[in-house]
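Okay, so here's the structure we're looking at.
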Amino acid sequence: MRLTKSTDIALRIAMRLAVEDPTDAAPTTREVADAVGVPYTHAAKVVSRLQHLGVVEARRGRGGGLVLTPAGRRGSVGRLVRDLEGAGDVVGCEDEPPCPLRGACRLRGALRDAQEAFFAALDPLTVEDLTGPPTGPVLLSLGTRPGS
């Protein structure tokens, strides 16, 4: 299974925010986008989605920036990936034209089971778990701000 680019970006952003020092100024969407190596426009869309899911809080204006919420920090990565990826099938059985085997196919169910096993393997993990050594120090070195 391959995650969408949007989910990949969301996980990278959440991981980067998880290692931020809460006593420092919160990074902006642009700073986080630069740090994780994605275009600002993509990051802005993903941050909006993460806000909607309650994973990230975005504060505007002076002293604003992005903060990972407690739910984003300690929630299940499996749940987050499910929410970001949606409930679609791995294959497009109902696409146009629809697959002629869809009425009697056993592959669709097997792929659905495999997809759920993939998500289940991520269920016990949190974003905090993903940022331990050696990942955390590398995340901190990405896109450091002047004066940091």
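Side-chain contact between R82 and D123: present, with at least one pair of heavy atoms (C-beta onward) separated by less than 4.5 Å. Residues S48 and H52 are not in side-chain contact: their nearest non-hydrogen atoms beyond the backbone lie 4.5 Å or more apart. L130 has its side chain within reach of V77: a pair of non-hydrogen atoms, C-beta onward, lies under 4.5 Å apart. For the pair L80 and L53, the minimum side-chain heavy-atom distance is below 4.5 Å. V67 places none of its side-chain heavy atoms less than 4.5 Å from the side chain of L17. Looking at P27 and E20, their side chains come closer than 4.5 Å, going by heavy atoms from C-beta outward. Residues V81 and L11 have side chains in contact (heavy-atom distance under 4.5 Å, counting atoms from C-beta outward). No side-chain heavy atom of Q51 sits less than 4.5 Å from a side-chain heavy atom of E57.
At least one donor-acceptor pair closer than 3.5 Å links the side chain of R73 to the backbone N or O of A18. Using modelled atom types, no side-chain atom of D95 and backbone atom of P97 make a donor-acceptor pair closer than 3.5 Å. Side-chain N or O atoms of T69 include one that pairs as donor or acceptor with a backbone N or O of V55 at under 3.5 Å.
The two atoms that bring L139 and M15 nearest to each other are CD1-O, 3.6 Å, heavy atoms only. Closest approach of V127 and A14 over heavy atoms only: CG1-O, 3.6 Å. Across all non-hydrogen atoms, the minimal contact from A71 to G54 is CB-O, 4.0 Å. Annotation for L66 and A26: closest pair O-CB, 3.5 Å, computed over non-hydrogen atoms. Of all heavy-atom pairs between G136 and V19, the closest is CA-CG1, 4.0 Å. Closest approach of A33 to A43, counting heavy atoms only: CB-CB, 3.5 Å.
Using a 4.0 Å cut-off between charged nitrogen and carboxylate oxygen, R108 and D113 do not count as a salt-bridge pair. Taking 4.0 Å as the cut-off between side-chain N and carboxylate O, R12 and D8 count as a salt-bridged pair. No salt bridge links E31 with R16; every basic N to acidic carboxylate O contact stays at or beyond 4.0 Å.
The hydrophobic cluster containing Y40 does not contain V36, counting ILVMFWY residues as joined when their side-chain heavy atoms lie under 4.5 angstrom apart, directly or transitively.
How far CG of L50 is from CG of L84: 6.0 Å, rounded to the nearest 0.5 Å. With rounding to the nearest 0.5 angstrom, the CD atom of E128 is 8.5 Å from the CG atom of L68. Summarising the geometry, atom CZ belonging to R49 is positioned 7.5 Å from atom OG belonging to S6; distances are rounded to the nearest 0.5 Å. To the nearest 0.5 angstrom, E116 atom CD is 11.0 Å from R112 atom CZ. The NE2 atom of H42 sits 11.0 Å away from the CD1 atom of I13 when rounded to the nearest 0.5 Å.
A side-chain donor-acceptor contact under 3.5 Å links T7 and E85.
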Practice problem: Begin from the C-alpha positions of R30 and D34 and carry the test salt bridge (Lys or Arg N to Asp or Glu O under 4.0 Å) through to its verdict. | Solution: CA-CA 6 Å; R30 189 169 303 281; D34 291 344; 6.0 Å; no
Exercise. Please assess L3 against F118 for the test side-chain contact (heavy atoms from CB on, under 4.5 Å), listing each intermediate value before the final yes or no.
Key: CA-CA 11 Å; L3 299 177; F118 174 82; 3.9 Å; yes
